[in-house]
Every structure is written in structure tokens, then in C-alpha cells.
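Read through the structure below, which is laid out as C-alpha cells, and then see the notes.
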Amino acid sequence: MQGAVGKSILVFAILFVGLILTTAIGQERNLNIIAFGAHPDDCDQGAGGVAAKYSALGHKVRFVSVTNGDAGHQTQGGGALAARRRAEAKEAGRRIGIEYVTLDNHDGELLPTLGPRNQIIREMRRWNADLVLAPRPNDYHPDHRYTSMLVQDAAYMVTVPNVCPDTPSLRKNPVFMYFQDHFQKPYPFRPDVAIVIDDVIDKKHSMYDAHVSQFYEWLPWHDGLLDQVPKDPAARLEWMKKWRAEEKEVTPAVRESLVKWYGPEAGRKARFAESFEVCEYGTQPDEQMLRTLFPFLPR
Ligand SMILES: [Zn+2]
């Protein structure tokens, strides 16, 4: 009889520990990440690599383009270009298993007003966001700057029930972080977290490859390189990879952050990285919370 009781206690203990472990793993598996870019392809450049990593681990990622991109081309424009770019963004998201949506605000005309702010508040709430990514407010492009300001303006309001009462407010304020940039004024980007993306760089480039209107038409035209773009899809992908890789060298500050998070060997070896700076608004993460939010960091 005593043996049976002992066995029951043992079985109960095993089930209990199993439940705790399952819950702990379950929490890790339930991250909701949302990134806001001004244009359909901005989020890909800031966070396409980490998005591919989250997606591979079963986390949910949503990329939101705050404008429809209808100004981003040298020969096309308006509704036809917006439709083309919406489809390209959707395809980019499909390639790594994330959602990618495009809001219908005009490209080149975004302002930090109530309309887009409320769109962003509702997006964060519906996604039940744990982590929100966005550009910094000192970027060169007005749409990028105002996307940043809109997300910052939404950072507190997302928790206020009387704001956009049609969409239940968040009880827990998300962590807000900025994409990396190279702007120095009023202060340079600070890489609080840096993620090695060498293992997913092909996926990131595959997302770029989906934005045909941008990576093979508009951006090369703007840089005066249009005559260098090969016609063949495989050849142009190789050309684009080389072109983009040259522009994305790891900065000394990012290298230092890589060494901090990955140790000297792996940190120095990394060729490609994405890094993020903690915003002063929203939940302020400690190191442990950052490790939870970026579960692919080495333990
Ligand atoms: Zn942009």
C-alpha cells in the first residue's frame, strides 16, 4: 500500500515538473513580435533576419508598412504601384512564414497625426505585442522619422482603455526597440542587443528578392546602378546579394555588442548582424528579459 502511495506521489511529482517545464517552454514559444516600417521593405532591412529566426522557432511576427509605398518608383506610381508593393511585401513575409501587412497611407506624405497613430495602436493591441520594433526618430526620410514618432506616441496610449475603445487595450506595456541606423545626431545608435544572422542571411536576401520593384528597379535607379542589374532572376539575385552585403558591414559598436552576447570567438567571427536599441518608453527590459525576447541568444 505504502509502495502504491509512494508511486502515486512520484507520478504526481513527475507530472507537476512536466507541467512547469511545458509552461516555461510554452511561454518561450508564445512571443508576439510586431515591427513597423514606413515602406514595404523597411522592416525586412531592419529585422528580416531576426524575423526568420523567430518564425523558425514558432513565434509570431507581423511586419507592418505604415505607408503603401506608392511613391517608390521612377516610372510607376499611385494605386498600381501600391498594389504591386503590397503583393511584394506579402510574398516577402510568406517566404519566411510571417505576416506582412501594408496600411493605406500615401508614401512621402506621412505625418504624425491621430489617424495613423490610432492605426498603430490597434495593430499593437490586436497582435498582443511583447516586443515592438521601429526606426529611430532621427532618420533621413520624413516617413521613417514620423513612423518612429507615431510608434513612440502610441507607446503609452496602447495601454489606455479610453483610447481606441473598440480594440481592448494592452494590460502589459510592450518593450519598444529601435532598428539600427548610421545617423550620428543628436546621438549615435546604441546596439543594446546584437544578433548574429549569418545563418539566415539567405532568407533575408530572399525577402529583398521578393521586392522586385525596389531591389532591382527603384533603388538601383536611385543609386545610378540600373544598367548593372542582370535580367536573369538568378543572376540578379546574386548581384543584389553582393551589392547589399557590401553596404552592411558590422560597425565597431555592434561588434562590441556581439562579443558581449555571444562571447569573443563567435562575436568576432560573425559576418552579418542585426542590432536593436531599447527605447525609453514602454517596459524597460533587464538582461534576463532581453534573453527571453531574443530566445536565439546563446545561454
Ligand atoms: Zn523606407
Side-chain angles (χ1 to χ4, degrees), residues 33-51 61-93 96 98-113 116-117 119-120 123 132-154 176-184 189 204-226 240 243-244 247-248 274-277 279:
I33 317 296
I34 192 164
F36 293 92
H39 308 112
D41 75 336
D42 288 0
C43 290
D44 318 42
Q45 301 185 56
V50 292
V61 182
R62 185 171 174 89
F63 278 3
V64 180
S65 175
V66 181
T67 79
N68 59 20
D70 61 357
H73 203 276
Q74 69 278 25
T75 56
Q76 302 171 5
L81 179 58
R84 185 181 181 201
R85 296 194 66 184
R86 176 172 284 111
E88 288 174 346
K90 209 171 165 201
E91 169 62 15
I96 62 162
I98 67 162
E99 290 193 21
Y100 204 140
V101 293
T102 303
L103 305 183
D104 217 3
N105 301 302
H106 286 302
D107 187 351
E109 297 183 4
L110 190 66
L111 290 172
T113 54
R117 185 207 290 177
Q119 287 178 320
I120 285 172
E123 281 287 338
V132 179
L133 304 173
R136 292 203 304 157
N138 50 336
D139 199 286
Y140 77 106
H141 195 301
D143 289 347
H144 298 183
R145 279 202 298 280
Y146 297 137
T147 294
S148 180
M149 203 168 285
L150 286 161
V151 172
Q152 290 183 164
D153 289 351
F176 291 80
M177 296 183 83
Y178 298 117
F179 301 135
Q180 186 186 346
D181 64 48
H182 58 269
F183 300 100
Q184 301 294 307
F189 172 81
K204 182 166 176 161
H205 286 148
S206 170
M207 293 187 85
Y208 290 0
D209 180 62
H211 297 280
V212 173
S213 71
Q214 301 303 294
F215 287 88
Y216 303 126
E217 297 174 16
W218 165 245
L219 296 171
W221 178 84
H222 199 267
D223 285 4
L225 304 172
L226 193 58
M240 182 268 285
W243 173 42
R244 303 313 286 187
E247 287 185 2
K248 287 284 170 195
E274 281 171 2
S275 57
F276 305 93
E277 174 180 325
C279 167

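In listed order, ligands and their atoms are each counted from 1. Everything numeric in this text was worked out from a predicted model, so none of it was measured.
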Check: Can Glu88 and Ser213 be counted as having a side-chain donor-acceptor contact under 3.5 angstrom?
Finding: yes
Checklist line | Contacts of type ring-ring contact (aromatic ring centres under 6.0 Å, His included), residue His39, not counting sequence neighbours | finding: His141, His144
Item checked: Sequence-distant partners of Tyr178, ring-ring contact (aromatic ring centres under 6.0 Å, His included), two or more places apart -> none
Next item on the list: Pull up every protein N/O/S atom sitting under 2.8 Å from the Zn ion (ligand 1), skipping waters.
Entry: His39 ND1, Asp42 OD1, Asp42 OD2, His144 NE2
Notebook entry, point to check: Counting only N and O atoms by type, is there a donor-acceptor contact under 3.5 Å from the side chain of Asp143 to the main-chain atoms of Ala38?
Noted result: no
Notebook entry, point to check: Under 3.5 Å, is there a donor-acceptor pair linking the side chains of Asp44 and Tyr100?
Noted result: yes
Next item on the list: For Tyr208, check side chain to side chain donor-acceptor pair (under 3.5 Å) against everything at least two apart and list the hits.
Entry: none
